[in-house]
Number of protein chains: 2
Amino acid sequence: MPTPHYGQPRYRTIADELRKRIESGVIPPGALLPAESALTAEFRSARGTIRQAIAILREADLVVTAHGRGTYAAPRGDAPWRDGGSETDLQKRQVTADVELAAIFDVDVGTALLEQQSLTRRNGAVKAVVRTYRLLETES
Amino acid sequence: MPTPHYGQPRYRTIADELRKRIESGVIPPGALLPAESALTAEFRSARGTIRQAIAILREADLVVTAHGRGTYAAPRGDAPWRDGGSETDLQKRQVTADVELAAIFDVDVGTALLEQQSLTRRNGAVKAVVRTYRLLETES
DNA sequence: AGAAATTTGTCCGTATGTATC
DNA sequence: AGATACATACGGACAAATTTC
């Protein structure tokens, strides 16, 4: 098969598979992942594709890679979130429009809005807070 | 020269060069970067190397890439732009942390924060308001 | 509306450099 | 010194999105 990539790219499905093994404990925390050469054999893919998959996991802080040594599963057994003693990283709540938001949405002050808040962290510390406001009803 | 990468990797020097052009204004904000094919010719490098360089700029929010269109220099400093309608939907301002934000960032109440607000529209009507809060100082 | 050209996305295979064991 | 493993780089091929004609 030269390059038929319908739907999801191969490197992403490979990343998903490896993620499952890590989160399920098949690859325990701190353990060494199979070498890239081994993964090319298992997934029948080129090394570049394997490296793309691992790059995704590295971006998600699920693994760390060391030059001549290998790629390790994240040492801390972090679940989806937790860590740092805060609440969850994703949170929804209903709020009412203040004068500013009311003007933006062109609705009356006090109109119900859905606020969705998510946090992005870096080494445990909160790096950014993103709040998204939407009107409740309506949908397309 | 097939593959001698002493010192700094080629993709990194290429990224530095492109970064200079963007920050110096040689490539103005919002402008299209040369196509990857053009860059391979200019830097006498393989396409993969060029793409690695651009990936660095994308990571730094200096450029955004769209599939069949090209890679654009970031419009202003850094910002999650998007949306096709009015470009002036983006707005930055400095605010002070209330009790809630202070708790999230683990700073004192009143600490200066940068608030970045962007709107997404649907047929002219505001569909969502996204507000991103970040600490002012510090950088990596 | 349709075809062609452009441009980025994905994938392959190979070769060589560099760090670690 | 040798083996193993990740890093960098090349070149080619096809897929998918966009623009142009």
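Keep in mind that this is a model prediction, so the values were computed, not measured.
Counting to the nearest Å, the C1' atom of C:dC12 and the CG atom of A:L39 are 17 Å from each other. As rounded to whole Å, 14 Å separates atom C1' of D:dG11 from atom CZ of B:R10. Between A:I50 atom CD1 and D:dA7 atom C1' there is a gap of 16 Å when expressed in whole angstrom units. Rounded to whole Å, atom P of D:dA15 lies 19 Å from atom CD of A:Q8. One interatomic measurement links the two molecules: CD1 of B:I14 to P of D:dT8, which rounds to 13 Å at whole-angstrom precision.
Distance check, rounded to the nearest 0.5 Å: CG of B:L135 to CG of B:L113 gives 6.0 Å.
Nearest to the side chain of A:Q52, among D:dA9, C:dG13, C:dT10, sits C:dT10.
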Full working for side chain to side chain contact (heavy atoms under 4.5 Å, CB included) between A:L101 and A:Y133 | CA-CA 9 Å; A:L101 285 172; A:Y133 297 90; 3.9 Å; yes
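Across its full length, the helix from C:dG2-D:dC21 to C:dC21-D:dG2 shows an angle of 10° between the axes of its 5 terminal pairs at either end, rounded to 10 degrees.
Not a single side-chain hydrogen bond (donor to acceptor under 3.5 Å, both in side chains) links B:T49 to another residue, sequence neighbours left out. In terms of the salt bridge (charged side-chain N to carboxylate O under 4.0 Å, His left out) criterion, residue partners of B:E42 (sequence neighbours excluded) are, by chain and number, B:R21.
The phosphate of D:dA9 (OP1 or OP2) has no side-chain N or O of B:Y11 nearer than 4.0 angstrom. Between A:T49 and C:dC12 there is a side-chain polar atom (N or O) within less than 4.0 angstrom of OP1 or OP2.
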I'd like a table of atom pairs between the protein and nucleotides 5-8 of chain C - only N or O on both sides, under 3.5 Å - with the distance next to each one.
residue, atom, partner, partner atom, Å
C:dT8, OP2, B:E36, N, 2.9
C:dT8, O4', B:H67, O, 2.6
C:dT8, O2, B:H67, NE2, 3.1

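Residue pairs that meet the salt bridge (Lys or Arg N to Asp or Glu O under 4.0 Å) test with at least one member in residues 105-116 of chain B, sequence neighbours left out, are B:R93-B:E115. Under the side chain to side chain donor-acceptor pair (under 3.5 Å) criterion, the residue pairs touching residues 28-39 of chain B are B:E36-B:R47, B:E36-B:R51, with sequence neighbours excluded.
Looking only at side-chain heavy atoms (C-beta outward), B:V129 and A:R131 stay at 4.5 Å or farther from each other. Side-chain contact between B:L32 and B:T71 is absent, with no heavy atoms from C-beta onward closer than 4.5 Å.
At a threshold of 4.0 angstrom between heavy atoms, the contacts of B:R12 with the nucleic acid are absent.
A salt bridge does not link B:R12 with B:E17: none of the charged nitrogens is closer than 4.0 Å to a carboxylate oxygen.
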